[in-house]
Amino acid sequence: MREMVDTSKLEQSSELCVGALSQAVLDDIAIYEQLRDKEPKILALTAELRMDTKFILMDLCTSFLAMCKAKEAYACRYHIKNLEAGIQEAYKLLFNYGKSQRYTVWKKIGSTLSEEPVSYWSEQGKLMADYQDITTKLTGLAGDEDDKQHRDITYHYDADMRQVYEYTVASNSMEDASKKLIAVMDVLGNMTTFCDDVENCLRKNGTDTTVDVDNQNIDDSLHLSLIQYLNENKDLPIVLGDILKDVKPIDDYAHQMDVFSKMKGMTDEQHIDLPEIDNVFTMLNLYMTVLFMRADMAAITKSFLLSKTSGEAMLNMRRYIITITAAFGHLYGYSIDEKNRSIWQSVLKMISDGDRDLLAKAAVIEVFLGKVVLKADMDLRTSYVHLLNNQNHKTNIPTIISQLRQQNPMIEMQKVNLMLQIIKRVMDFMQELMTKLAKQAHESNEKSMAALREQMLKVKAVAENDKCPDILKDKILEIIGMVQGCMGLQL
């Protein structure tokens, strides 16, 4: 019998958790920064682990709360994807994969315990047994190759948006997401208890584990005052709600991509060169990417507006920055390399040199895109996405918290409407271009079908000739029948 999860209780626990841990993480960062260069190293490592686990728990609970508060199916799926991607990032920070494991805090704790003389630890046997038990549970959170790919899709989109679409459609179980969060909570709780046991053992052996730190306070006023103002004003919540209710075009374009993919497959199989069909397929893929970006931006902005505590608001703001920079990095690009590979460059290449109207509209849109795509945002995103610094193999939590505390939510919310308007202009532009490309594809297809029909009639005439051997005649008619079936060709 399948065990059900009480999501309402888990939601309440998550809300309490985010509120309580916001302050606790700041205190842990102060403790970690005092201890990280001091002996015994095990004490610094447990301080680091406490800090990491609390941030992870707070971050995942924020995504879970956003999922529970979402009223639209798309927004709920978006937050399920973020929760699953967050679990993958958490695993990388705590244990990682392959050779990189030796740099992680959990691995370092295990090595330190096993390398110390037995006499130093009064309970070394129990500690090592607990360590191995937790490690077994931890490796169960690693996920498979699909989970890693889903993490990449969530943070970076994908070259073929049908994969993003399929993953989004499949991300529909709040119960499964709840079970994954509970499994992580269990491991993180075991790690916290383990840290307590290690520090108790140190104290028994005469090690002073006390650390004096100044109280770190979070300023609640700015985020929560802004949220209250935006909700009372109602304009932005209405716009976001309308976007999230109008996601059916994503389904429609996914279906059209399948149709054109089949058409492309048939023309390739028959060695018929129809670049117009390729162009329409590419445009459908690009347009669907923009549709996803717009809906994702709406989902995370709405979650920010539903935040009840400053900690929840800050972490939703972090996710907002990650989402918009992923979207605009894909759409226009922050670096020269990204710009060359961007959706916008792909779109520009499809405009006919003689189409002055579209070229003029493109120039105006490009000015706006250049104004909102700032390198500083991309630098911020890099540190926000990764809980583990991939260059020095150290925790990124102190940096993330520091940047979150410096973030001005008013500036970010001022940019939301502008970004959504720019995306709408890009969408309208792409629709116009797509209409022209579809017309060209249709005209080209008609010409190709006419040429193919003429060839088939000639082949059929050969088969119907009395001099044609029966074996060859049957084979020719069979081929003609296959072509008619695949291409819808009438002779």
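We count residues from 1, following the sequence as given.
Taking CE of Met317 as the reference point, atom CG of Asn408 lies at 9.0 Å (rounded to 0.5 Å). Summarising the geometry, atom CD1 belonging to Ile401 is positioned 9.0 Å from atom CZ belonging to Arg318; distances are rounded to the nearest 0.5 Å. Atom OG1 of Thr135 is separated from atom NZ of Lys137 by 11.0 Å, given to the nearest 0.5 angstrom. To the nearest 0.5 angstrom, Thr168 atom OG1 is 5.5 Å from Tyr74 atom OH. Annotation: the span from Ile182 atom CD1 to Leu10 atom CG amounts to 5.0 Å, rounded to 0.5 Å. Ile400 CD1 to Asn389 CG: the interatomic distance, rounded to the nearest 0.5 Å, is 10.0 Å.
Within the 4.5 Å cutoff, no side-chain heavy atoms of Thr309 are placed close to those of Glu15. The side-chain heavy atoms of Thr289 and Met293, taken from C-beta on, include a pair separated by under 4.5 Å. Two residues are said to be in side-chain contact when any heavy atoms from C-beta on lie closer than 4.5 Å; Tyr384 and Gln407 meet this criterion. For the pair Asp357/Asp355, a side-chain contact is recorded, criterion being any heavy-atom separation below 4.5 Å from C-beta on. The shortest distance between side-chain heavy atoms of Lys436 and Leu358 falls below 4.5 Å. In this structure, the side chains of Met185 and Ser14 come closer than 4.5 Å at one or more pairs of heavy atoms.
Side-chain contact, Thr395 with Asp52: a donor N or O sits under 3.5 Å from an acceptor N or O. Under the 3.5 Å distance criterion, with hydrogens and angles disregarded, a donor-acceptor pair is assigned to the side chains of Ser303 and His79. Side-chain contact check for Ser307 and Asn316: at least one donor-acceptor pair (N or O, by modelled atom type) lies under 3.5 Å. A side-chain donor from one of Gln228 and Glu232 sits under 3.5 Å from a side-chain acceptor of the other. Checking Gln406 against Ser402 by side-chain atom types alone, a donor-acceptor pair falls below 3.5 Å. With 3.5 Å as the limit, one finds a donor-acceptor pair spanning the side chains of Tyr78 and Thr323. Side-chain contact annotation: Ser173 with Asp176, donor-acceptor N/O pair under 3.5 Å present.
Here the closest non-hydrogen pair linking Ser383 and Asn396 is O-ND2, 2.8 Å. Contact detail for Ser171 and Ile80: the closest heavy-atom pair is O-CD1, 3.6 Å. Residues Ala295 and Ile243 come closest through the heavy atom pair CA-CG2, 4.1 Å. Residue Tyr165 comes nearest to Phe292 through the heavy atom pair CA-CZ, 3.7 Å, listed as atom of the first residue, atom of the second, then distance. Residue Leu348 comes nearest to Glu366 through the heavy atom pair CD1-OE1, 3.8 Å, listed as atom of the first residue, atom of the second, then distance. Here the closest non-hydrogen pair linking Ala70 and Cys76 is CB-N, 3.7 Å.
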Between Asp235 and Leu230, does the side-chain contact (heavy atoms from CB on, under 4.5 Å) criterion hold? Intermediate values first, please. CA-CA 8 Å; Asp235 289 347; Leu230 292 172; over 6 Å; no
Determine, step by step, whether Phe304 and His223 satisfy the side-chain contact (heavy atoms from CB on, under 4.5 Å) criterion, reporting the C-alpha distance in whole Å, the side-chain angles of both residues, the deciding distance to 0.1 Å, and the verdict. CA-CA 9 Å; Phe304 174 77; His223 285 81; 4.0 Å; yes
side-chain contact (heavy atoms from CB on, under 4.5 Å) between Leu284 and Leu286, worked out: CA-CA 5 Å; Leu284 288 170; Leu286 297 177; over 6 Å; no
Thr282 vs Met350, test: side-chain contact (heavy atoms from CB on, under 4.5 Å). Steps then yes/no. CA-CA 10 Å; Thr282 301; Met350 294 184 195; 3.3 Å; yes
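Crowding of Tyr229 atom OH: a count of heavy atoms from other residues, nucleotides or ligands under 6.0 Å not exceeding 12. Residue Lys394 qualifies as open at atom NZ: its count of foreign heavy atoms under 6.0 Å is 12 or below.
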May I have the list of side-chain donor-acceptor pairs in residues 422-434 shorter than 3.5 Å, sequence neighbours left out?
from, atom 1, to, atom 2, distance (Å)
Lys424, NZ, Asp428, OD1, 2.9
Lys424, NZ, Asp428, OD2, 3.2
Gln431, OE1, Tyr253, OH, 3.4
Gln431, NE2, Tyr253, OH, 2.8
Gln431, NE2, Tyr287, OH, 3.2
Glu432, OE1, Lys361, NZ, 2.9
Glu432, OE2, Lys361, NZ, 3.4

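Using a cut-off of 4.0 Å between Lys/Arg side-chain N and Asp/Glu carboxylate O, Lys308 and Glu312 are scored as not salt-bridged.
Between the side chain of Asn340 and the backbone N or O of Ile336, at least one donor-acceptor pair lies under 3.5 Å. Without hydrogens or angle criteria, Asn231 side chain to Ile227 main chain gives a donor-acceptor distance under 3.5 Å. For Ser100 (side chain) and Asn96 (main-chain N/O), no donor-acceptor pair under 3.5 Å exists by modelled atom type. Remark: side-chain polar atoms of Thr104 are paired, donor with acceptor, to backbone N or O of Gln101 under 3.5 angstrom. For Lys415 (side chain) and Val372 (main-chain N/O), no donor-acceptor pair under 3.5 Å exists by modelled atom type. Put simply, the side chain of Ser63 never gets that close to the backbone of Leu60: no donor and acceptor are under 3.5 Å apart.
Looking at residues two or more places apart in sequence or on another chain, you find a ring pair (Phe, Tyr, Trp, His ring centres under 6.0 Å) between Tyr103 and His393.
Applying the salt bridge (Lys or Arg N to Asp or Glu O under 4.0 Å) definition to pairs two or more places apart or across chains, those involving residues 70-85 are Glu72-Lys302, Glu84-Lys180.
The aromatic ring centres of Phe328 and Tyr334 sit 6.0 Å or more apart.
When each of Val187, Leu388, Leu387, Thr139 is tested with Tyr91 by the rule side-chain contact (heavy atoms from CB on, under 4.5 Å), just one qualifies, namely Thr139. Each of Asp246, Asp251, Asp252 was compared with Lys248 under the salt bridge (Lys or Arg N to Asp or Glu O under 4.0 Å) criterion, and only Asp252 meets it.
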